[in-house]
Peer 1: 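The structure that follows is given in the form of structure tokens.
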Amino acid sequence: MQKVVIHRAGGYDELKVEEAAVPAPGRGQVRIDVKAAGVNYADTTVRMGLYASAKEYVGWPITPGFEVAGTIGAVGEGVTDLAVGAPVFAVTRFGGYASHVVVDRAYVFRKPDSLSFEQAAALPAVYMTAWYALFELAHPRRGAKVLVHSAAGGVGSALVQMAKRAGAEVTGVVGRSAKVAVVQALGADHVIDKSASDLWREAEAIAPRGFDVILDANGVSTLRGSYEHLTRPGKLVIYGFASMLPKTGGKPNWPKLALDYVRTPRFNPLDLTNQSKSVLAFNLSYLFDRVELFELALGEILDWLGKGEIAPPQVTTYPLAEVARAHADIESGKTTGKLVLVP
Ligand SMILES: NC(=O)c1ccc[n+]([C@@H]2O[C@H](COP(=O)([O-])OP(=O)(O)OC[C@H]3O[C@@H](n4cnc5c(N)ncnc54)[C@H](OP(=O)(O)O)[C@@H]3O)[C@@H](O)[C@H]2O)c1
């Protein structure tokens, strides 16, 4: 088998494609012969040694990857409901960038025929992130004004669609003009191209009283503005900090990172209360043990996909051997939709 291994924190050179013995499933596990593995922005921060849960759960060396799709290659003792050859997709807490993956049965889901392996591998992380942010945390009502940063990206594309499905009035923000059409096609009511116009002036024109919900994974570059542009009551959901990191070169700029850490807003509980604004945050990789949440989320997501109420992710594929190019591309801020590796 082949897998991508990172032995120490660093740039693209640290992504080594290595040969290893095909793993055997233990009790309650299955082996998936992988046809596609999802790439997430977070994987690049795993490579840089900045992703806390990677250090906590795995350390070095690490194979990144939160999701795969493929066919069942072998079943371990006690697994009776999945046969060899069945098409599936799975959630992995790291380890997904590989041609063969062993996973606990609980994290494996049957692949609907309507999804390609690439689409199924692209689905779990970003769609569950969007589902969790919107329906566990924010609960937008029909007609709510929702602002989605990075709306053409993996999570952003899912957020726009799910917020529209929930009846919200959705404003998508993008960092490049080429992404505007993508967000319009996803169904957003308004798109702000912050590379061509003033983000917050445009946002104020769309929502003079502020937004009911803002979803922000930029971190320091927009967090203060996001908080200030909430209505009362309003909810800011924080789930990432991409703006702390460079778009080229693959390595952190340590002085900038330290400065951005210091500049990241701290929210005062007294102000939050008096202003009737909530700040919510989460990292899905720490919720891995909550299998029931994954089942609930994916159950609803697959139902909405089946009914055509949301669309599958738009996917760009890369051979596993070109993992470095996939990382450089997602870091560049130029990509839209999801990137997927094909072993
Ligand atoms: N908390 C969680 O559980 C969780 C789960 C999944 C993802 N996330 C976070 O959600 C965000 C989106 O993840 P994704 O995998 O779907 O990626 P993505 O949105 O497809 O790509 C990242 C996007 O972030 C924006 N961005 C802003 N500053 C950036 C910078 N300095 N460098 C690169 N991109 C920058 C860019 O879009 P614009 O320029 O158009 O804004 C870029 O296209 C990431 O921050 C990720 O860490 C969090």
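The chain is numbered in sequence order, starting from 1. Every number for a ligand or one of its atoms is a count from 1 in the order of the listing.
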Peer 1: Just distances here: any N/O of Ala242 and N/O of ligand 1 closer than 3.5 Å?
Peer 2: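 Checking ligand 1 against Ala242, an N or O pair does fall under 3.5 Å apart.
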Peer 1: Answer with yes or no whether the side chains of Asp216 and Tyr239 bring together a donor and an acceptor at under 3.5 Å.
Peer 2: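 No.
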Peer 1: For atom 25 (C) of ligand 1, what is the closest protein heavy atom, and at what distance to 0.1 Å?
Peer 2: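 Protein heavy atom at minimum distance: Ser150 OG, 3.4 Å.
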Peer 1: Quick one: does His149 get within less than 4.0 Å of ligand 1, heavy atoms only?
Peer 2: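 Distance cut 4.0 Å: His149 fails for ligand 1.
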Peer 1: Specify whether Trp200 and His229 have parallel, tilted or perpendicular ring planes, treating 30° as the upper limit for parallel and 60° as the lower limit for perpendicular.
Peer 2: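 Taking His229 first and then Trp200, their aromatic rings lie parallel (interplane angle under 30°).
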Peer 1: Can you list the atoms of ligand 1 that are under 4.0 Å from a heavy atom of Asn283?
Peer 2: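 In order of numbering, the contacting atoms are 1 (N), 2 (C), 3 (O).
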Peer 1: So, regarding Gly153 and ligand 1 (criterion: nitrogen or oxygen to nitrogen or oxygen, under 3.5 Å), is there a contact or not?
Peer 2: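 In this structure, Gly153 places no N or O atom under 3.5 Å from an N or O of ligand 1.
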Peer 1: Would you kindly say whether Asp193 and Ser177 are connected by a side-chain donor-acceptor distance under 3.5 Å?
Peer 2: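 Ser177 and Asp193 do have a side-chain donor-acceptor pair below 3.5 Å.
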Peer 1: Side chain, backbone, both or neither: which part of Lys338 has a heavy atom under 4.0 Å from ligand 1?
Peer 2: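 It is neither; nothing of Lys338 touches ligand 1.
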Peer 1: Identify, for atom 42 (C) of ligand 1, the protein heavy atom at the shortest distance, and state residue, atom and that distance.
Peer 2: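 Among all protein heavy atoms, the one nearest atom 42 (C) of ligand 1 is Gly333 CA, 3.7 Å.
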Peer 1: Which of these, Phe94, Phe294, Tyr127, sits in a ring pair (Phe, Tyr, Trp, His ring centres under 6.0 Å) with Phe66?
Peer 2: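 Testing Phe66 for a ring pair (Phe, Tyr, Trp, His ring centres under 6.0 Å) against Phe94, Phe294, Tyr127 leaves exactly one candidate, Phe94.
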Peer 1: Quick one: do the Glu331 and Tyr41 side chains pair a donor with an acceptor below 3.5 Å?
Peer 2: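 No, Tyr41 and Glu331 have no side-chain donor paired with an acceptor closer than 3.5 Å.
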Peer 1: Run the numbers on Glu14 and His7 for side-chain hydrogen bond (donor to acceptor under 3.5 Å, both in side chains), then give the verdict.
Peer 2: CA-CA 7 Å; Glu14 300 301 335; His7 290 273; over 6 Å; no
Peer 1: Quick one: nearest non-hydrogen protein atom to atom 13 (O) of ligand 1, plus distance?
Peer 2: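 Sorting protein heavy atoms by distance from atom 13 (O) of ligand 1 puts Tyr41 CB, 3.7 Å first.
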Peer 1: If we only count N/O pairs under 3.5 Å, is Leu245 in contact with ligand 1?
Peer 2: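 Yes - when backbone and side-chain N and O of Leu245 are compared with those of ligand 1, one distance drops under 3.5 Å.
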Peer 1: Hey, is ligand 1 close enough to Phe282 that some N/O pair sits below 3.5 Å?
Peer 2: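 Such a contact does occur with ligand 1.
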Peer 1: Measure the distance from atom 33 (C) of ligand 1 to every protein heavy atom, then report the residue, atom name and distance (to 0.1 Å) of the closest one.
Peer 2: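 Among all protein heavy atoms, the one nearest atom 33 (C) of ligand 1 is Glu331 O, 3.2 Å.
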Peer 1: So Arg31 and His100, do their side chains get closer than 4.5 Å, heavy atoms only?
Peer 2: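 Yes. Closest side-chain heavy atoms under 4.5 Å.
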Peer 1: Checking side-chain polar atoms at under 3.5 Å, does Gln2 have a donor or acceptor matched by the opposite partner on Glu19?
Peer 2: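 Yes, a side-chain donor-acceptor pair sits under 3.5 Å.
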Peer 1: Could you walk me through whether Glu56 and Tyr286 pass side-chain hydrogen bond (donor to acceptor under 3.5 Å, both in side chains), step by step?
Peer 2: CA-CA 10 Å; Glu56 192 172 327; Tyr286 283 106; 3.2 Å; yes
Peer 1: Check Thr129 against ligand 1 and report side chain, backbone, both or neither, counting heavy atoms closer than 4.0 Å.
Peer 2: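 Within the 4.0 Å criterion, Thr129 contacts ligand 1 through side-chain atoms alone.
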Peer 1: Would you say the side chain of Tyr97 lies within less than 4.5 Å of the side chain of Lys3, judging by non-hydrogen atoms?
Peer 2: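 Result no, sub-4.5 Å side-chain heavy-atom pair not found.
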Peer 1: Check whether the ring centres of Phe135 and Trp304 lie less than 6.0 Å apart, and answer yes or no.
Peer 2: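 Under 6.0 Å, so yes.
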Peer 1: For ligand 1, is there an N or O atom under 3.5 Å from any N or O atom of Met244?
Peer 2: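 No, no N or O pair falls under 3.5 Å.
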Peer 1: Among all protein non-hydrogen atoms, which one is nearest to atom 12 (C) of ligand 1, and what is the separation to 0.1 Å?
Peer 2: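 Of the protein heavy atoms, Val155 CG2, 4.1 Å lies nearest.
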Peer 1: To check your reading of the model: name the closest protein heavy atom to atom 9 (C) of ligand 1, its residue, and the distance in Å.
Peer 2: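 For this ligand atom, the closest protein heavy atom is Tyr239 O, 3.6 Å.
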Peer 1: Side chains of Val39 and Val340: closer than 4.5 Å at any heavy-atom pair?
Peer 2: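 No, their side chains stay 4.5 Å or more apart.
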Peer 1: Between Ser285 and ligand 1, does any nitrogen or oxygen pair lie at a separation below 3.5 Å?
Peer 2: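 No; the residue has no nitrogen or oxygen that sits under 3.5 Å from a nitrogen or oxygen of the ligand.
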Peer 1: For atom 39 (O) of ligand 1, what's the nearest protein heavy atom and its distance?
Peer 2: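 For this ligand atom, the closest protein heavy atom is Gly175 CA, 3.4 Å.
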Peer 1: Under 6.0 Å between ring centres, would you say that holds for Phe288 and Tyr107?
Peer 2: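 Here the rings of Tyr107 and Phe288 have centres that are less than 6.0 Å from each other.
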Peer 1: Could you work out, for atom 3 (O) of ligand 1, the closest of Thr335, Leu284, Leu215 by heavy-atom distance?
Peer 2: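 Heavy atom nearest to atom 3 (O) of ligand 1 belongs to Leu284.
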Peer 1: Is the closest heavy atom of Ser243 to ligand 1 under 4.0 Å?
Peer 2: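 Right, Ser243 reaches ligand 1.
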Peer 1: Looking at Ala217, which atoms of ligand 1 are within less than 4.0 Å of one of its heavy atoms?
Peer 2: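 So the answer, numbered in order with elements, is 10 (O), 11 (C), 45 (O).
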Peer 1: Any idea which protein heavy atom is nearest atom 36 (C) of ligand 1, and the distance to it?
Peer 2: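 Atom 36 (C) of ligand 1 sits closest to the protein heavy atom Lys179 NZ, 3.9 Å.
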Peer 1: Consider every N or O of Gly156 and every N or O of ligand 1, then say whether any pair is closer than 3.5 Å.
Peer 2: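 N/O-N/O distance under 3.5 Å: no.
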Peer 1: Is the backbone N or O of Asn218 less than 3.5 Å from a side-chain atom of Ser243, with the two atoms forming a donor-acceptor pair by type?
Peer 2: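 Side chain of Ser243 to backbone of Asn218, a donor-acceptor pair under 3.5 Å: yes, one is there.
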Peer 1: Of all the atoms in ligand 1, which lie at a distance below 4.0 Å from a heavy atom belonging to Val174?
Peer 2: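 Listed by number with element: 40 (O).
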Peer 1: Is the closest N or O pair between Gly154 and ligand 1 shorter than 3.5 Å?
Peer 2: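 Indeed, backbone or side chain, Gly154 has an N or O that close.
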Peer 1: For Lys334 and ligand 1, does the shortest N/O to N/O distance drop below 3.5 Å?
Peer 2: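 It does not: no N or O of Lys334 is found under 3.5 Å from an N or O of ligand 1.
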Peer 1: So is there a nitrogen or oxygen of Arg176 less than 3.5 Å from a nitrogen or oxygen in ligand 1?
Peer 2: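 Among all N and O atoms of Arg176, none is under 3.5 Å from an N or O of ligand 1.
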Peer 1: Starting from Tyr51, can I reach Ile238 by hopping between I/L/V/M/F/W/Y residues whose side chains sit under 4.5 Å apart?
Peer 2: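 Yes, Ile238 connects to Tyr51 through the hydrophobic network.
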